[in-house]
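Counting starts at 1 for both ligands and their atoms, in listed order. FYI, the numbering just counts along the sequence from 1.
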Amino acid sequence: MSAPTGTPPLTPVEFSWFQAFLRERTGIELRAGKETLVAARLERRLRECGLSTMGAYIDLLSVPGSGEETTAVDLLTTDETSFFREADHFDLLSQLLQTRTGTGPVRVWSAASSTGEEAFSAALVLADRLGTAGWEVLGTDVSHRVLARAQQALYPLEAAGRIPDRFRERFCLKGRGSSRDSFTFRAEIRANVSFRPADLTGPLPEIGTFDVVLLRNVLLYFGEETRRELVHRVVKTLRPGGHLLIGHAESISGLHPGLTPLGPSVHRYGGEPS
Ligand SMILES: C[S@@+](CC[C@H](N)C(=O)[O-])C[C@H]1O[C@@H](n2cnc3c(N)ncnc32)[C@H](O)[C@@H]1O
């Protein structure tokens, strides 16, 4: 991505400052070469704050209690996602539901949910297999901005093209009036899906245990040690026999002795089937 005209260039010292800032707040490693990306993502915010240099913005971020940190984290995190991304995972979820022997509601955690497409994709599979009760999906993310959009559950109509026809016809509702270019999900689906903030690099809130955890396309932003700690923290939330799904481009090989790889991006946590 090239920085739009008017973006203040980032000096090496400023870039190092943002690397440390993001690492401390989210565990994310901003690799060298991302200077232009950082400048481009913050450009508009600088203007909104009436600032003309990155140094002045860093000064603002350094003021305790300025409240600006959350906005900067939101702007610097990558929230790319889509419905049924890496679709084989949702086929697998469907198969797991057929063979499940455990009792109680099926619980799925979308652990870096972004704007909610992943959580709702899982919800549609659960509703297809189990009906509208006996399951729940939790979505969490460190970015409050993406969570606000996930909670709204309103998506552009074009995005519905990625949802398999059989699910779209049964579970999606086209917006009306000012929302006519958007769609949402039936209330019975939305009732079983919730979102809340959680930083995967710190102690997790009380969220219970899960049959399936989707930890996809987030590990790649962290260094080896953070990844190891994070995977251990997340595995504690898996029920025995539960499954951990990571992004197709990610690897957790050797990071946790209790995980058995079933495929490149699917791991089962020891114990009896959930
Ligand atoms: C590329 S998106 C992936 C979304 C979805 N899981 C998928 O695969 O489509 C990465 C998400 O991870 C979130 N994230 C980054 N660092 C995080 C952290 N420390 N704790 C929780 N979420 C984090 C970002 O805010 C962003 O929404």
Side-chain angles (χ1 to χ4, degrees), residues 1 18-31 34 37-38 41-42 69-93 108-125 137-153 155-156 159 162-163 193-205 207 210 212-237 243-252 264-267:
M1 184 195 288
F18 278 108
Q19 283 180 307
F21 170 79
L22 206 60
R23 187 183 306 119
E24 210 173 288
R25 302 304 180 293
T26 67
I28 294 175
E29 292 293 340
L30 266 179
R31 295 201 187 90
K34 299 279 183 190
L37 182 89
V38 171
R41 288 195 173 167
L42 295 176
E69 286 189 3
T70 309
T71 308
V73 167
D74 283 352
L75 292 171
L76 291 173
T77 44
T78 301
D79 56 12
E80 185 195 329
T81 187
S82 55
F83 290 108
F84 290 86
R85 181 183 194 181
E86 300 176 344
D88 53 319
H89 283 166
F90 298 96
D91 295 337
L92 175 80
L93 175 61
V108 175
W109 179 23
S110 166
S113 66
S114 186
T115 39
E117 285 85 338
E118 181 178 86
F120 280 112
S121 302
L124 300 187
V125 173
V137 179
L138 171 68
T140 62
D141 202 284
V142 74
S143 163
H144 292 244
R145 176 179 53 92
V146 295
L147 286 174
R149 286 177 48 202
Q151 270 153 351
Q152 224 183 356
Y155 298 95
R162 301 188 72 112
I163 299 179
V193 182
S194 61
F195 295 94
R196 60 186 286 187
D199 178 355
L200 295 169
T201 64
L204 294 172
I207 51 175
F210 298 90
V212 176
V213 176
L214 304 166
L215 180 67
R216 309 188 316 154
N217 303 301
V218 64
L219 287 168
L220 69 176
Y221 300 115
F222 305 121
E224 172 83 6
E225 202 39 47
T226 308
R227 272 215 310 271
R228 180 184 302 278
E229 286 168 14
L230 193 158
V231 165
H232 277 254
R233 196 172 292 123
V234 167
V235 166
K236 285 200 181 114
T237 73
H243 289 75
L244 177 65
L245 276 53
I246 61 171
H248 285 182
E250 296 169 314
S251 165
I252 52 170
S265 56
V266 179
H267 295 74

With a 4.5 Å heavy-atom cut-off, do [X] and [Y] have their side chains touching?
X   : Y    : result
I28 : V142 : no
F18 : L42  : yes
R85 : R216 : yes

Next on the checklist: Taking non-hydrogen atoms within less than 4.0 Å of ligand 1, which protein residues qualify?
Outcome noted: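 Residues near ligand 1: T26, I28, T77, T78, D79, E80, T81, R85, A112, S114, E118, D141, V142, S143, A198, D199, L200, T201, R216, N217, V218, Y221, F222.
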Checklist entry - If you look at every heavy atom in Q19 and L30, which pair is closest and at what distance? => result NE2-O, 2.7 Å
Checklist entry - Should the heavy atoms of other residues, nucleotides or ligands under 6.0 Å from CZ of R228 be counted, would the total exceed 12? => result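 Counting neighbours around CZ of R228, more than 12 heavy atoms of other residues, nucleotides or ligands fall under 6.0 Å, so yes.
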Next on the checklist: My understanding is that only one of D79, T77, D74 makes a side-chain hydrogen bond (donor to acceptor under 3.5 Å, both in side chains) with R145; could you say which?
Outcome noted: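 Going through the options one by one, the only one that passes is D79.
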